[in-house]
Amino acid sequence: MRLICLISLIISLATVLPVQAQVSSRTAEFQVLNLLNQYRQRMKLSPLKLDRSASDVARLHSEEMAERNFFDLRSPSRGSLEYQLSYHRVSGRIVNSLIVLDYSIPEVFSQLQKNPQLLDDSVTHAGVGVHMDDQSHPEKGIWLTLVYLEYLAEIKPVPRTVSPGEILRLRGEIYAPYQRARMPVTLPNGQVKTYPNLLGNRRGFLFEIPFSQGKGRYTLELLVDDPQQGPRVAAILPIYAGQAYPSAEPSPSPSQEQFSSTTEAAQRLFWLINQERQRHRLPVLQEDQLLEQVSWQHSEDMGKNKYFAHISPKGEDPNERFHRAGGKGQVGENIAFDISIEGAHRRLMNSPGHRANILDPRFTHLGIGVYFNGSHYYITQLFRRKNLPLDSHAVSQSFMRWLNQQRTRSRLPALQNDERIHDAALQHSQAMARENRLSYQVGGLSFNERLQRLRAQTGEVNTILVLADSVENALEKLAKHKAIIAQKKFKKTGIGVFQAVSSDYGDNSLWITIAVGTKPVS
């Protein structure tokens, strides 16, 4: 009987010891978090919440560093911490990560305090992972991985894999003061499609994402707007349809990043972007000195004033900076903050929203500004379209063909060109260009008053006004007016196309007036 009791005691101890060891490591993690929050409180910063999923990732990383005897933020078997967090569906965006090896919790925290990133005021959550070489003798080595996260939204659990053809309903809530959630998705063919929030502009969001392109990787990105800083990436969540989600991140290709200047670094990024565009059979982008100047100034401003945002502390957005420098029209902007140029490019291409700018077929010119603060690159990329002069008559003819194609589909007779309606439409487009605004009344006259001055016999008239940067862009906008074009009562039309500068699209913008009229009233 005593022997049985002794064996039971040994089994009991064997069962309990690993649990005690686990508790000891987690106790150390809570000690680190408490020290961290006491320190932040003294510095008048908000305390951090513990993210348990991120802590699991951090703990695995600390254990692997100890077992495989390496000291690096990248795991040889699983890849970067960013990848590991995404694999474990941690939806907060990683801000910073730190690793420490020391021999007591106070010494570990003392090492942490040497890093100014510890007081980042944008951070909301932390993942803390501790591994001790010997639980009973911590002085033999404490391995710590600390992950800093910023949560802009709370997202309901997202699967790693789905079946091809499945429709995923992704729900969640964005935190104040953020607003206007939307979701660009990189499809397996490399194209980007943006899905709107089905709940409108409320805090809650609902996206329905169809996995309709078959097998492959779909990269989902939750974008929100910060009223002070502009668009922000809340989360990037890859999902694999019909394929396993790789548990390990592919190792990046080794590269020698030795730039003699930030100009050379910018040239490397320019080359990488045009390589991507050529790979997707898109025209390469041309250099633009004004875009380059504005980009450099924003990168320098971010680096010297220690912020990272599309909207500067002065309240200027990318278009306002471009216009202040003398530019006309609208620009697209990507910004990045990274320790390497190649790494920044990979992250931009892995972000559907930034990828969409890089592969936007409408852009023709690019300027890149790079600022290096001694450890990190601040990068600004500005994209714009420069419109070419077009033959207005040929453009009018293409619009006429499109109008009558819509009529044919509705089994209606083609519209006939009316010279007086055309003259009034052209005069109206020219007046809109002079005043730089789309309006049914410009230059002191409405469109109908212009018709009356020309003694045009039109009967009832309906007018469509469009401002565009290209024929393709104009046709996209005209498609919203198909219901007007397909009305049986309209018999004649006049199209006025005038190219001139606009604040929206810059030089050679298309100012378009299309009027459709019934038969003259007898």
Side-chain angles (χ1 to χ4, degrees), residues 18 22 25-26 29 50-99 125-131 143-149 151 155-166 168 170 172 185-190 209 211 213-222 233-255 338-340 342-343 345-352 355:
Q22 189 179 29
S25 289
R26 295 200 177 182
E29 290 167 6
L50 182 70
D51 188 305
R52 295 189 181 278
S53 296
S55 293
D56 292 341
V57 171
R59 192 177 307 113
L60 283 171
H61 190 75
S62 294
E63 289 171 0
E64 187 180 10
M65 285 195 298
E67 290 169 4
R68 301 185 64 167
N69 195 29
F70 72 93
F71 192 70
D72 198 307
L73 288 169
R74 184 179 181 85
S75 159
S77 64
R78 286 189 289 270
S80 66
L81 280 169
E82 188 174 26
Y83 187 85
Q84 296 175 56
L85 290 166
S86 180
Y87 180 83
H88 287 271
R89 307 281 84 171
V90 176
S91 56
R93 58 181 294 273
I94 187 167
V95 177
N96 285 309
S97 48
L98 303 167
I99 50 177
H125 292 67
V128 186
V130 168
H131 174 78
W143 300 74
L144 169 74
T145 302
L146 176 65
V147 177
Y148 262 13
L149 300 165
Y151 270 76
I155 305 173
K156 300 292 184 183
V158 180
R160 282 195 285 263
T161 59
V162 296
S163 301
E166 184 176 334
L168 175 67
L170 193 147
V185 177
T186 302
L187 305 173
N189 64 2
I209 311 298
F211 293 82
Q213 278 205 356
K215 294 182 178 181
R217 170 174 162 153
Y218 295 72
T219 304
L220 283 59
E221 179 177 60
L222 178 62
V233 178
I236 296 180
L237 297 165
I239 297 178
Y240 284 78
Q243 296 178 354
Y245 192 122
S247 59
E249 180 183 29
S251 297
S253 303
S255 62
D338 211 297
I339 59 173
S340 80
E342 302 276 346
H345 178 70
R346 282 196 304 273
R347 285 178 173 79
L348 290 170
M349 286 301 296
N350 286 334
S351 160
R355 180 190 185 94

For side-chain contact (heavy atoms from CB on, under 4.5 Å), just list the numbers for Val95 and Leu149, CA-CA rounded to whole Å, side-chain angles, deciding distance to a tenth of an Å, and then say yes or no.
-> CA-CA 5 Å; Val95 177; Leu149 300 165; 5.9 Å; no
Going through the checks in order, is the side-chain contact (heavy atoms from CB on, under 4.5 Å) test met by Arg217 and Gln243?
-> CA-CA 8 Å; Arg217 170 174 162 153; Gln243 296 178 354; 5.8 Å; no
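The side-chain heavy atoms of Ile236 and Ser86, taken from C-beta on, include no pair separated by under 4.5 Å. Pro188 is listed as a side-chain neighbour of Tyr218, based on a closest heavy-atom distance under 4.5 Å. For the pair Asp51 and Val90, the minimum side-chain heavy-atom distance is below 4.5 Å. A heavy-atom distance below 4.5 Å is found between the side chains of Tyr151 and Ser91. By the 4.5 Å heavy-atom criterion applied to side chains, Ile155 and Leu237 are counted as neighbours. At least one side-chain heavy atom of Asp338 sits under 4.5 Å from a side-chain heavy atom of Ser340.
Under the salt bridge (Lys or Arg N to Asp or Glu O under 4.0 Å) criterion, Glu221 pairs with no residue, sequence neighbours left out. Remark: His61 pairs with no residue by the side-chain hydrogen bond (donor to acceptor under 3.5 Å, both in side chains) rule, at least two apart or across chains.
Here the straight-line distance linking atom CD1 of Ile99 with atom CH2 of Trp143 works out to 8.5 Å at 0.5 Å rounding. For the atom pair CG of Leu50 and NE2 of His125, the computed distance is 9.0 Å after rounding to the nearest 0.5 Å. Taken to the nearest 0.5 Å, the NE2 atom of His88 stands 7.5 Å off from the CG atom of Asp56. Here Tyr240 contributes atom OH and Lys215 contributes atom NZ; the two are 14.5 Å apart, rounded to the nearest 0.5 Å.
Ring-plane geometry between Tyr87 and Tyr245 is classed as perpendicular, the angle between the planes exceeding 60 degrees on a 0 to 90 degree scale with a lower cut at 30.
A donor-acceptor contact shorter than 3.5 Å links the side chain of Glu29 to the backbone of Val130. The closest donor-acceptor contact from the side chain of Arg59 to the backbone of Gly129 lies at 3.5 Å or more, if one exists at all. Looking only at distances, no side-chain donor or acceptor of Thr161 sits under 3.5 Å from a matching main-chain atom of Ala244.
Across all non-hydrogen atoms, the minimal contact from Ser55 to Ala126 is OG-O, 4.2 Å. Nearest approach of Ser77 to Ala248, heavy atoms of both residues: O-CB, 3.0 Å. Taking every heavy atom of both residues into account, Ile239 and Pro159 meet most closely at CG1-O, 3.5 Å.
Among Leu220, Thr219, Leu187, Val185, the one residue that satisfies the side chain to side chain contact (heavy atoms under 4.5 Å, CB included) test with Pro352 is Thr219.
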Scan the side chains in residues 78-85 for donor-acceptor partners under 3.5 Å anywhere in the protein, sequence neighbours excluded, and list what turns up.
from	atom 1	to	atom 2	distance (Å)
Arg78	NE	Gln84	OE1	3.4
Arg78	NH2	Leu60	O	3.3
Arg78	NH2	Glu64	OE1	3.1
Ser80	OG	Tyr83	N	3.1
Ser80	OG	Glu249	OE1	2.9
Glu82	OE1	Arg347	NE	3.0
Glu82	OE1	Arg347	NH2	3.1
Tyr83	OH	Pro246	O	2.6
Gln84	NE2	Gly79	O	3.0

